[in-house]
There are 2 protein chains.
Amino acid sequence: MDGVTHTRTTRLERGRGALGPALELVHTGRAPTRAVLTSELGVTRATAGAVAAELEALGFITVDAHPTAAAGTQGRPSHRLFIAEQGPVVLAVQIHADGYRVALVGLGGRIVATTSGCGTIPADPAHILSEAVRAGSGLLRDSGRRCLGAGLAVPSAVAEPDGEALNPLHLAWPAGAPVRRLFLRALTEAGVPGVTPDVGFSGNDVNLTALAEHRHGAGRGARDLLCVASGHRGVGGALVLDGRLHSGSSGLALEVGHLTVNPEGAPCHCGSRGCLDVEADPLAFLGAAGRPPGPEGSLLKQATDLLREEYADPSIRAAGELLIDRLGLGIAGLVNILNPDRIILGGLHRALLEADPERLRAVVADRSLWGRSGSVPILPCTLDHNGLVGAAELAWQPVLDDPLIVLGAEATG
Amino acid sequence: MDGVTHTRTTRLERGRGALGPALELVHTGRAPTRAVLTSELGVTRATAGAVAAELEALGFITVDAHPTAAAGTQGRPSHRLFIAEQGPVVLAVQIHADGYRVALVGLGGRIVATTSGCGTIPADPAHILSEAVRAGSGLLRDSGRRCLGAGLAVPSAVAEPDGEALNPLHLAWPAGAPVRRLFLRALTEAGVPGVTPDVGFSGNDVNLTALAEHRHGAGRGARDLLCVASGHRGVGGALVLDGRLHSGSSGLALEVGHLTVNPEGAPCHCGSRGCLDVEADPLAFLGAAGRPPGPEGSLLKQATDLLREEYADPSIRAAGELLIDRLGLGIAGLVNILNPDRIILGGLHRALLEADPERLRAVVADRSLWGRSGSVPILPCTLDHNGLVGAAELAWQPVLDDPLIVLGAEATG
DNA sequence: CGTGTTTTGTTCATGTCGGATACAAAGCCA
DNA sequence: TGGCTTTGTATCCGACATGAACAAAACACG
C-alpha cells in the first residue's frame, strides 16, 4: 500500500505529520488505546487509526487483537496499544566514579537488558568507552533487537557542539576530553548501528536525569521542570522547558553549583565562598554531622544512609536541617530566576527532602519572591537508573521527531 | 448522530504551513526579496512565490513591480518585498512612572504614530489605561489603518495566566491589580478591534524590552538572549529562548533583582542583604558617587548623565566601577545558570557598559565558570521605545503564528 | 432475547499544501 | 546577438488529514 515514499525533508520539517507526536505519546505512556491516541492527538479516528497502523508496521507497537472491555464503560472497547515486545532499542552508556553501566533501552524508558563494569576509571576515556560499548554490543547481539542509536551520560558538564567533558569530576580524565567523538568512534569500531550518521549523543548526568524523570518519572506532565541533584561531589542542575532539555547555547546551562548560599562558608575552587557545590553535597553533610567519610561505600551512600537511619539523632538532624536550609536558599534563587512549575531532587537532595519535606518546602517558599512561586511542588526523583534512561532519551529523540527515519537506516541486531 | 465531533481545530496545529514563518521573516527583516525568502524558508521557489502572493493579498506586504538589479550580481534580479505602507498595525501602550505612551506599531517594529501623556499616575489603574487606550483609538482613527491587536507594558512583574501586576513599582497602583482585564475592558469600551477574542496582552517592561531587542535590535539572531536592565528603581531581567519569551510557568521568571552580589550590602525589602535590586540601580549609583538624588530628572537620567559626562571624575569613576563589579557578579551568576549566547543591557546598565565595556566583560568572564562562557557577547540595547515595541510584539505574535486569522476578524480602522 | 444506544474502527472521496519539473523572464557577459 | 545565470510561474503529483458513511463490538433495557 503506502509505498516507499518520502523524498527530502524540508527545512520547514514539522516532524512529518502526526507520526512523531503519536510515537511520543506511546513513549511517554499517554496513548494506552487508539481512542486515547485520537483525542490526545486531536485528530480524527481515521487519522489515528492510520497512524497506529503505521507505527505497528514500523515495529514500534503491537495492537491487541481482542480487546477486553473495561468495567463500567459503554460502547465498543478500544484496542489497546502496546510497546512492541521485540521492538527496537537504543544503547545507553553511563560512566560514573566507580565504573560504567550499559543498557538497552526500549520505548517507554524500559530497560531491556543491562550490565555493568566496575573498577577505577583509567585516565584515557577511550578505554572505558570502548569497553562499555563492546559490552553493549554484546547485549545487542544477545537480544536480537534492532538498535536505533546510542547515548552517553558522563559526570561532567558537556560543551556543545563538540561534546567535550569540561570538568569530569572524580574521574582521572583530562578536562576537555572529546567524549562524544570518542564514543562515536567506539560505536563505529564495535559496529553498533544507528539511524543517523551522527548517532551518539552525550550529556551530563544531571541533565539526563531531568530528561528521564520528565518523560517517565516524577516530572511527567511538567512544562518547566527544574532538577537539582548531588551524587558524589558537587551539585548539578538541569532544566527541561517544553519537553526539551535546556542546555544553554554551549551546553553549559544550569551549572548551579556556584550559587552562593552561605556568605561565610567554605572556599570553593571557583574562587568564591559558600557555593552550593561545597555547602550542600554529601561531603558537606558528613562534615556537618561530625562523621568524617569512611572508606567503604560512596560518599552519597554514606550520607543517605545516615539521613535515613539516624535522623532521630539530634546532631544528624541538625546537620540535615543545616543542609536543607542551604539547599532551600539555592533553590529559592533558582525559582526566582526560572519560575519552574515543578522541582525534582535527586541523590543526596532527594534524601534531604524525604527526611524533612516540610522544612525544605517552607524554606523555599520563604525565600522565593512571590507566595505563588513558593507553592511550586518539590518532589523526589522516582526512577532507577535515571541517568541511563536519560542517555537513552537523547538517542530516542531523533526517532520521536520523525519515526520514518528508521526506514532510511538498514540495520539489524 | 455521527460526526458531530471535531469542530475544533486540530491540536497538531503547526501554524498553517509556511505562511507564518514567512511573515516572521518579513517582520524581522530577513526576507528582503523573494529569492531570500525561498532560501530562508527552505522551500521551493514555487512555494515561496505563492506565499509571497498570499501575504500581498492579505495586505501585509507589497512587491515592487520593476526590480532594479543589484550591482555585481548576475541573473534575473529578484523582486523586493516591502512591508505594506498602509498595512495593519497593533496598538501598544506603555505605562511608566511619569505617565503613559501609546503607539501604533506596524510590521518590523515600525512605530507609525505615537503620543504620550504625562502626570502622576492615579491609584486606579483603570483610569490611565482608559485614557491611554482612548488616545490610541484616536491615533487609529487618524491613521486609517487596520488594527490587529493590542499589547501593554507595565513596570511590574505580571503573573500569568490572569495578568495581574504583582509589584507595580513606583506607581500608586495596588499590588495585584488585574491590569490585563482592565486593559481589555478599556479596549472594548473604546471599540478597538483585534483579531482574537482575547486580544490584549500584558507584560513587564524588561521582558518586553528583551523581546523587542531580540526581534529588531541588539538581540537579532541570538538564540538564547538574556536582558538585564535597570530603569528607575530595582533591576529586572528577561530571557528569550528560541525566539520566545521565557516568562516562567506563572510569568514570574527572571526576577533577577534578588541575586546576592554583596553579602555585606544594604538590606533589601526581600529580607536579604546586598541584592542586585538595591546594589546596582540608579539610586545605588548616585549614593556610591556621593551625589544624592536631586529633584529634577528621573533617577535614571541623573545617573546616566553622571556616567556619561563626568566619568573622568575619580569619585564618579570609582562608583561606576563598584557598580560594574556588582553587576558583573550578578550577570556571571546568570551566565552560569542560563548559558545565554548573548547578553544585552538596558537603562543604567547600558550606561555602565558604555562607560567601561572592558571592565564589565572582564568581571563576567572572571566570575563565570568556563572560559567559553566568559566570551559571551555583552551589548547595549539599541532600540528607542523598546518597551513599547515589545508590547507590540505580544500583539503581533498571534498573527505571526497564523497570518490567516486576520481573515476571521472583520474590522477596519 | 432482540433491539436500541454508545463508542470505536475503517473505507473512501475530498481538499489543501508543498515538491518536482519544465518553461518563461530578466538581467549580465562576451 | 547568443550563451549564462538567476528568478518567477504553470502544471502535475504525492502526502496527509478531514469528514461522512458504514461496520463492529460492547452495554442497557424492554
Side-chain angles (χ1 to χ4, degrees), chain A residues 1-22 31-56 63-81 402-404 407, chain B residues 1-22 31-54 56 63-81 402-404:
Chain A
M1 35 177 292
D2 45 357
V4 195
T5 74
H6 308 118
T7 48
R8 190 87 339 172
T9 65
T10 110
R11 208 170 305 172
L12 282 177
E13 39 173 335
R14 299 300 188 176
R16 200 74 85 154
L19 254 189
T33 67
R34 267 206 184 89
V36 175
L37 182 65
T38 301
S39 65
E40 285 291 312
L41 284 176
V43 298
T44 59
R45 292 197 299 272
T47 303
V51 163
E54 181 141 21
L55 289 181
E56 192 176 15
V63 182
D64 62 346
H66 298 290
T68 71
T73 64
Q74 277 197 6
R76 173 178 176 176
S78 187
H79 292 175
R80 282 172 300 174
L81 308 179
D402 179 7
L404 292 180
L407 293 178
Chain B
M1 32 172 48
D2 198 347
V4 204
T5 60
H6 292 112
T7 52
R8 81 184 61 257
T9 62
T10 152
R11 212 168 303 175
L12 281 177
E13 39 173 334
R14 299 298 187 176
R16 203 79 88 148
L19 249 169
T33 66
R34 266 205 184 90
V36 174
L37 181 65
T38 301
S39 64
E40 286 290 313
L41 284 178
V43 298
T44 60
R45 291 197 299 274
T47 302
V51 163
E54 179 140 24
E56 192 175 16
V63 182
D64 61 347
H66 299 291
T68 72
T73 64
Q74 277 197 3
R76 175 177 175 176
S78 187
H79 293 172
R80 281 171 301 174
L81 308 179
D402 180 7
L404 293 182

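Within every chain, numbering begins at 1; the chains are lettered A, B, ... in the order of the sequence lines, protein sequences first and strands thereafter.
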At their closest point, which heavy atom of [X] faces which heavy atom of [Y], and how far apart are they?
X: Leu37(B); Y: Ala52(B); answer: CD2-CB, 4.3 Å
X: Ala22(A); Y: Val51(A); answer: CB-CG1, 3.3 Å
X: Ser78(B); Y: Ala35(B); answer: OG-N, 3.1 Å

Under 3.5 Å, which protein N or O atoms sit close to an N or O of nucleotides 24-27 of chain D? Give each pair with its distance.
{"from": "dA24(D)", "atom 1": "N3", "to": "Arg76(A)", "atom 2": "NH1", "distance (Å)": "3.3"}

To the nearest Å, how far apart are [X] [atom1] and [N] [atom2]?
X: Arg80(A); N: dG9(C); atom1: CZ; atom2: P; answer: 12 Å
X: Glu54(B); N: dG8(D); atom1: CD; atom2: P; answer: 18 Å
X: Leu41(B); N: dG8(D); atom1: CG; atom2: P; answer: 13 Å
X: His79(B); N: dT7(D); atom1: NE2; atom2: P; answer: 12 Å
X: Leu37(A); N: dT10(C); atom1: CG; atom2: P; answer: 12 Å
X: Leu407(A); N: dA15(D); atom1: CG; atom2: P; answer: 13 Å

Can a side chain N or O of Thr44(A) be found less than 4.0 Å away from OP1 or OP2 on dG19(D)?
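So the side chain of Thr44(A) is outside the cut-off, no N or O lying under 4.0 Å from OP1 or OP2 of dG19(D).
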
Would you please name every residue forming a side chain to side chain contact (heavy atoms under 4.5 Å, CB included) with Gln74(A), sequence neighbours left out?
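Not a single residue meets the side chain to side chain contact (heavy atoms under 4.5 Å, CB included) criterion with Gln74(A).
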
Side-chain heavy-atom pair [X], [Y] within 4.5 angstrom cut-off:
X: Thr33(B); Y: Leu81(B); value: no
X: Thr47(A); Y: Leu41(A); value: no
X: Leu19(A); Y: Leu55(A); value: yes

Reckon Ala35(B) touches a base, only the sugar-phosphate, or nothing at all at heavy-atom distances under 4.0 Å?
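Sugar-phosphate, no base atom in range.
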
Reckon Ser78(A) touches a base, only the sugar-phosphate, or nothing at all at heavy-atom distances under 4.0 Å?
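Ser78(A): backbone/sugar contact only, no base atoms under 4.0 Å.
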
Which nucleotide, [options], lies nearest any side-chain atom of [X]?
X: Ala18(A); options: dA20(C), dA17(D), dG8(D); result: dA17(D)
X: Arg34(A); options: dT7(D), dT10(C), dT18(D); result: dT10(C)
X: Arg45(A); options: dT18(D), dT8(C), dA20(C); result: dT8(C)

Given that Gly49(A) and Thr47(B) both sit by DNA chain C, which one's nearest nucleotide is further toward the 5' end?
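The residue whose closest nucleotide sits nearer the 5' end is Gly49(A).
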
